[in-house]
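Just so you know, ligand 1 is whichever comes first in the structure, and atom 1 is the first atom listed for that ligand.
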Amino acid sequence: MSAQTTSLPAAGQHWNAAGYATNAGFVPALGAPVAELLDARPGDRILDLGCGDGVLTAQLAARGATVIGVDASPDLVAAAVERGVEAQVMDAHALTFEAQFDAVFSNAALHWMREPDAVLAGVRRALKPGGRFIGEFGGHGNVAAIVTALRAALCANDAGEPAFAWFFPTADEYAARLAEHGFQVDQIALIPRPTPLPTGIGGWLRTFADPFLAQVDTGTRKRVLADTETLLRPALCDASGQWHADYVRLRFSARIFSSQHSMQGQPQ
Ligand code: BEZ
């Protein structure tokens with residue numbers, strides 16, 4: 001991935017569509033289970049929150065749904081539009097939609113959004129009555145080995161102690177937030193998913209570790225990256241040389257709480 005990036009930072013992160021496609025093409029590819037959970041139908045109006053470069057958004061649209069993608073990164077939104085997806089740059093903490101969607105969908109994006117209550121309030125507003133919110137993102141324990149190694153390498157190189165960059169809640173914590181925002185949670189679970197990295201841990205770190213490295217000078221950054229790789233090799237690289245990231249997904253399905261729905265089967 002080029003060191004040149006053009007997009008808005010999220011928690012110090014910069015995005016580059018070409019680098020993302022090379023180093024993180026597995027992200028939309030591994031979104032199939034959560035897309036199945038969404039089960040988009042022809043005629044559904046769906047908001048794809050954090051649509052990235054639109055690969056998964058296009059697949060949802062191919063099922064006959066009307067899908068609009070939003071993402072904070074102009075570079076990724078431009079890539080999505082080029083793919084033929086309807087997409088716009090928008091901060092997920094300040095969604096501007098009112099009762100327009102049958103479902104809000106999100107894959108591998110909610111962990112970048114540091115104020116989950118602002119996001120959930122916007123999702124709730126964007127949905128029609130009875131609308132669904134289906135998603136998957138990094139949950140508690142996600143990339144724990146990678147974060148620990150990065151912190152150790154930064155410390156060993158006197159490169160400071162960055163604040164934790166991501167939102168990785170437990171299932172109970174996120175279920176409680178969903179309920180506070182008027183959602184009924186149909187399912188929610190943490191799913192460990194060791195994830196093969198097509199360009200090794202180096203590609204992953206160059207694509208995703210800006211929040212830890214943005215303030216570090218070029219020479220130190222090189223040493224931190226090399227030390228991180230050395231620390232992680234025994235845990236995340238197998239005998240054939242294949243690297244895996246220690247991903248833990250939080251997958252959920254929720255709908256706007258309706259007292260009618262919750263009364264079904266209850267004595268009146
Ligand atoms: C994730 O998809 O879990 C993830 C990706 C990059 C940084 C942190 C988490």
**NE2 (His140) with more than 12 external heavy atoms under 6.0 Å** = no
**Asked** Is there a nitrogen or oxygen of Asn142 sitting under 3.5 Å from a nitrogen or oxygen of ligand 1?
**Response** yes
Among all protein heavy atoms in this structure, tell me which lies nearest to [atom], with the distance rounded to 0.1 Å.
| atom | result |
| --- | --- |
| atom 5 (C) of ligand 1 | Tyr247 OH, 3.6 Å |
| atom 8 (C) of ligand 1 | Trp166 CE2, 3.5 Å |
| atom 1 (C) of ligand 1 | His111 CE1, 3.3 Å |
| atom 2 (O) of ligand 1 | Arg249 NH2, 3.0 Å |

**Request:** Identify whether NZ of Lys or CZ of Arg in Arg45 sits under 6.0 Å from the centre of the six-membered ring of Phe101 and within 45° of that ring's axis.
**Result:** yes
**Prompt:** Does NZ or CZ of Arg255 come closer than 6.0 Å to the centre of the six-membered ring of Phe257, within 45° of the ring's axis?
**Reply:** no
**Prompt:** Quick check, are the ring centers of Phe212 and Trp166 under 6.0 angstrom apart?
**Reply:** yes
**Item:** Phe183 and Phe252 aromatic centres sub-6.0 Å
**Value:** no
**Request:** Output the list of atoms in ligand 1 that are nearer than 4.0 Å to some heavy atom of Phe208, sorted by atom number.
**Result:** 6 (C), 7 (C)
**Item:** Residues Arg193 and Glu136 bridged, charged N to O under 4.0 Å
**Value:** yes
**Message:** Strictly below 4.0 Å, N to O, side chains only: are Arg223 and Glu229 in salt-bridge contact?
**Reply:** no
**Request:** Pick one of side chain, backbone, both or neither for how Trp204 approaches ligand 1, counting any non-hydrogen atom pair under 4.0 Å.
**Result:** side chain
**Asked** Quick one: does ligand 1 sit under 4.0 Å from the side chain of Trp112, the backbone, both or neither, non-hydrogen atoms only?
**Response** side chain
**Asked** Looking at ligand 1, does Phe137 have a heavy atom less than 4.0 Å from it?
**Response** no
